Amino acid sequence: GENVEQHPSTLSVQEGDSAVIKCTYSDSASNYFPWYKQELGKGPQLIIDIRSNVGEKKDQRIAVTLNKTAKHFSLHITETQPEDSAVYFCAASRVGADSWGKLQFGAGTQVVVTP
Amino acid sequence: NAGVTQTPKFRVLKTGQSMTLLCAQDMNHEYMYWYRQDPGMGLRLIHYSVGEGTTAKGEVPDGYNVSRLKKQNFLLGLESAAPSQTSVYFCASTDGEGSLLPQETQYFGPGTRLLVL
């Protein structure tokens with residue numbers, strides 16, 4: 001089955017700096033890679049996703065890149081703000097009739113943005 | 001539109017006791033999932049359902065049972081709780097209605113924190 005590794009486990013950045021979280025996956029058939037943000041005491045919430053036919057996707061201050069050959073994808077947050085402090089999870093999935101939307105999650109990255 | 005709700009928010013059990021966690025969604029989603037979240041391990045899929053009356057095992061199903069008697073509800077049961085089941089449990093749902101494939105975005109509930117002594 002799919003295995004997703006996520007690094008680093010914790011990341012401390014100064015407000016205004018950039019943050020980068022990296023994930024690798026094992027199943028070359030995976031074709032959907034979402035990122036979820038989990039604030040304290042809440043459930044995860046999708047912030048951005050990318051499909052295997054795209055190499056990069058941006059949404060304001062966040063961007064995701066995908067390298068299918070190396071089987072890794074990354075989340076980039078620019079101009080970090082205190083409200084970016086949260087746990088971020090990457091995930092991978094093989095979208096198709098027999099996958100039923102199941103996601104394999106990474107272990108998570110605790111991001112702390114200090115003023 | 002409340003989205004995905006979970007009951008209870010917090011529960012303490014003694015080893016061997018049983019309980020049921022309730023997940024409800026008002027988005028008419030076809031697919032529902034139960035995850036557990038443990039430190040350093042991310043979210044792991046326990047069981048899932050692709051429609052009313054159907055359930056299937058996920059990555060870590062042992063010690064849990066589920067039922068989907070109504071489309072909007074997905075119940076997770078612990079028949080005989082063990083300390084290893086101390087965790088935070090999340091329910092999620094995905095919109096698969098009208099399509100053969102689920103829409104990818106999963107919507108999560110706020111979680112249930114369970115402590116088994």
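By convention in this document, chain letters (A, B, ...) are assigned in the order of the sequence lines, proteins followed by strands, and residues within each chain are numbered from 1. The basis for the numbers below is simple: all heavy atoms, side chains too, and nothing from hydrogens, waters or symmetry mates. Since the model is a prediction, treat every value here as computed from it, not as a measurement.
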Parallel, tilted or perpendicular, as decided by the 30° and 60° cut-offs, for the rings of A:W100 and B:Y31: tilted
Please say yes or no: joined through hydrophobic side-chain contacts below 4.5 Å, possibly via intermediate residues, are [X] and [Y] part of one cluster?
X: B:L76; Y: B:F74; value: yes
X: B:Y64; Y: B:F90; value: no
X: A:I48; Y: A:L11; value: yes
X: B:L21; Y: B:V60; value: yes
X: A:V54; Y: A:V64; value: yes

Within residues 104-115 of chain A, residues adjacent to chain B where the heavy-atom gap is under 4.5 Å: A:Q104, A:F105, A:G106, A:A107
Residues in residues 68-92 of chain A near chain B [non-hydrogen atoms, under 4.5 Å]: A:F89
Residues in residues 6-14 of chain B near chain A [non-hydrogen atoms, under 4.5 Å]: none
Heavy-atom contacts under 4.5 Å, residues 41-57 of chain B to chain A: B:M41, B:G42, B:L43, B:L45, B:Y48, B:V50
Toward chain A, the part of B:Y35 with a non-hydrogen atom under 4.5 Å: side chain
Interchain contact, A:P34 with chain B, by part (heavy-atom threshold 4.5 Å): neither
Among the listed options A:P44, A:G43, A:S93, the residue most often paired with chain B at heavy-atom distances under 4.5 Å: A:P44
Separation between CZ of B:F108 and CG of A:L46, rounded to the nearest 0.5 Å: 9.5 Å
Other residues, nucleotides, ligands: >12 heavy atoms within 6.0 Å of B:Q17 CD: yes
Atom CG of B:L117: over 12 foreign heavy atoms under 6.0 Å: yes
